[in-house]
Protein chains: 2
Amino acid sequence: MFFVLDLTDRPALRVAVVECEEPATARLPTGSAHQTEPLDDAARRIARDEAGIVEQYLEQLYTFSHCTEEQWYVVVSSIALASHVMAVSSDHPRAQWRDVREVVLGNAIECQVLDYALVRLRAKLGYTTIAFHLMPESFTLSELQRAYEAILDQSLDKRNFRRRMIASGILEPTAAVRRAGSHRPAALYRFRAADDRSVYLTPG
Amino acid sequence: MFFVLDLTDRPALRVAVVECEEPATARLPTGSAHQTEPLDDAARRIARDEAGIVEQYLEQLYTFSHCTEEQWYVVVSSIALASHVMAVSSDHPRAQWRDVREVVLGNAIECQVLDYALVRLRAKLGYTTIAFHLMPESFTLSELQRAYEAILDQSLDKRNFRRRMIASGILEPTAAVRRAGSHRPAALYRFRAADDRSVYLTPG
DNA sequence: TCAAAAGTGTTAAAGCTACACCCATGG
DNA sequence: CCATGGGTGTAGCTTTAACACTTTTGA
C-alpha cells in the first residue's frame with residue numbers, strides 16, 4: 001500500500017486516489033511487490049504506474065498485517081512526495097488528485113495510513129527539510145510559505161517564516177526573479193540539496 | 001526481526017542478543033509470524049519467548065526486504081522496552097543481555113536496525129515519555145536521570161533535568177521514600193500513565 | 001494612481017544553559 | 001563527624017511569538 005502527496009499553485013495538499021464506482025468513496029493506490037524485488041523499488045514502481053510520479057521522495061510509513069478469508073497479507077505503506085509540475089507532467093493512468101481535506105476513504109486501514117502520514121509529514125516540517133520535495137526546482141518564499149500552510153492547514157506569520165527559512169541556511173538565492181502580476185517581483189530560491197535533512201529518523 | 005532494550009541499576013542500555021558460536025558476533029532475536037497472526041502479536045510473542053520479557057512497550061521500527069538463494073523475506077523490525085526487573089524476573093531461554101555500546105552484530109541489516117533504534121529512542125526521549133517504559137513501577141529522580149544518561153550516553157545537568165521532569169507534569173509524587181545508604185533518602189515518583197506520550201508518531 | 005503581493009525590525013515572553021552549595025542520613 | 005547522594009535558585013542567552021508599514025511593479 002502506498003500513497004502520494006502533492007502541492008498545486010492554488011495550494012492544497014493533494015493525495016492520489018482511485019475512485020470506486022458504487023459507494024462514493026476512494027481507495028489509495030496499491031500494488032504487490034514482485035518476488036525478489038526490494039520493497040522500495042516496488043514502492044517507486046507503483047508510484048510511477050499508479051500515480052504517474054517519478055523521481056519522487058519516498059519514505060516508508062508503517063507495516064500492517066491484514067486478514068481476509070483466503071489469505072494473510074503484510075501491507076507496507078509509504079509516503080511519496082512530488083511537486084505538482086512533476087506529477088502532472090507524466091500520465092497517471094488510474095489515480096486522481098484529491099484535496100486531502102476532502103477525500104473520503106472507504107477502508108479503515110487506509111484511513112489510518114492517511115491520518116498517520118499527515119501526522120508524520122506535519123511533524124517533519126518542523127525539524128527536517130522534507131517540504132522541499134514538494135516544491136519545484138526554484139520557488140519564491142511566498143510559495144514555500146503557502147506550501148507549509150497547506151500542509152499544516154494553518155496560516156503562518158510571514159516575517160517569522162522568512163527569518164527562520166533564511167536562518168536555516170538551506171536556501172540558495174537565485175539571480176532570477178519571478179514576475180507574476182502587477183506587483184513587485186519575487187526573488188527565486190533553490191533548495192541546497194546537500195543540506196537535505198528529510199531523512200532524519202529513517203534508517204540507511 | 002526484533003530486539004530489546006533494558007536498563008539496570010548500574011545503568012547501561014542493554015540489548016537482548018543470541019550469541020553465535022564461531023565468530024564472536026551476536027544476532028538479534030528473531031522469529032516468524034504465524035499465518036493469520038497480527039504482526040504486533042507476533043512481536044510480543046517473540047519478545048516473550050526469546051528474551052523473556054512480558055507486558056513491555058512495543059513499537060514498530062522499519063520493514064526491510066531481504067533475499068537469499070531460496071527465498072524472499074519481508075523483515076519487520078520492532079523495539080521492545082522493559083525495565084530490568086521485569087526482564088530478569090522471567091526465564092529468557094535463548095537471549096542474553098549485552099551493553100549496547102559493546103555489542104557487535106554480525107549482520108549488516110541488524111546493525112542498521114540497532115543504529116536506527118538508538119537514533120529513534122534518543123530522539124523520542126526529547127519529545128515523548130518513552131523513557132518511563134524502561135523504569136520500574138516507582139523510581140527516584142536520580143534513577144530516572146541515570147536512565148536518560150545511559151540512553152543518550154552523555155551526562156545531564158541535575159537541576160535542569162529535575163526542573164524539566166517536574167514541569168512536564170507526568171510525574172506523580174509518592175508518599176514513600178527510598179533509603180539506600182548513608183545519605184538522605186530519595187523521594188519516589190510514579191509515572192502518570194494517563195499522560196503517556198510515547199506513541200506520538202505512531203499510528204493507531 | 002491604484003491594487004496587489006514582496007519585503008523588512010522590534011519588543012516582550014518563554015525556554016534553555018551553566019553553574020555551586022546546603023541537607024539528611026547511616027555508619 | 002564524615003562521607004554520600006539528595007535536593008535547591010539564579011543570571012545570561014537564545015529562541016519564539018506577535019505585530020504594521022514601505023516597496024516595487026503592471027495595468
Should A/Ser142 be listed as having a side-chain N or O under 4.0 Å from OP1 or OP2 of C/dA5?
no

Strand-adjacent residues in residues 157-165 of chain B, judged by heavy atoms under 4.0 Å from DNA chain C:
B/Asp157, B/Arg159, B/Asn160, B/Arg163, B/Arg164

How close or far is atom P of D/dG6 from atom CZ of B/Arg184, stated in whole angstroms?
10 Å

What is the distance from CD of A/Glu143 to C1' of C/dA5, rounded to the nearest Å?
12 Å

Rounded to whole Å, how long is the line connecting atom CZ of A/Arg179 with atom C1' of C/dA6?
12 Å

Which residues satisfy the side-chain hydrogen bond (donor to acceptor under 3.5 Å, both in side chains) test with B/Gln60, sequence neighbours excluded?
none

Any idea how B/His133 and B/Phe191 line up, ring-wise: parallel (<30°), tilted (30 to 60°), or perpendicular (>60°)?
perpendicular

Can you see which heavy atom on B/Trp72 is nearest to which on A/Glu37, and at what distance?
CZ2-O, 3.2 Å

Specify the residue among B/Ser182 and A/Pro185 whose closest nucleotide of DNA chain C lies further upstream toward the 5′ end.
A/Pro185

So what does A/Ala187 hit on the nucleic acid, given a heavy-atom distance under 4.0 Å: a base, only sugar-phosphate, or nothing?
sugar-phosphate

5' priority, DNA chain D, between A/Gly181 and B/His183 [closest heavy atom]:
B/His183

Once side chain to side chain contact (heavy atoms under 4.5 Å, CB included) is applied, do any residues pair with A/Ala186, and if so which ones, sequence neighbours excluded?
A/Thr140

Does the plane of the ring in A/His66 sit parallel, tilted or perpendicular to the ring in A/Tyr73? Use 30° and 60° as the thresholds.
parallel

Salt bridge check, A/Arg45 against A/Asp41: does any charged N sit closer than 4.0 Å to a carboxylate O?
no

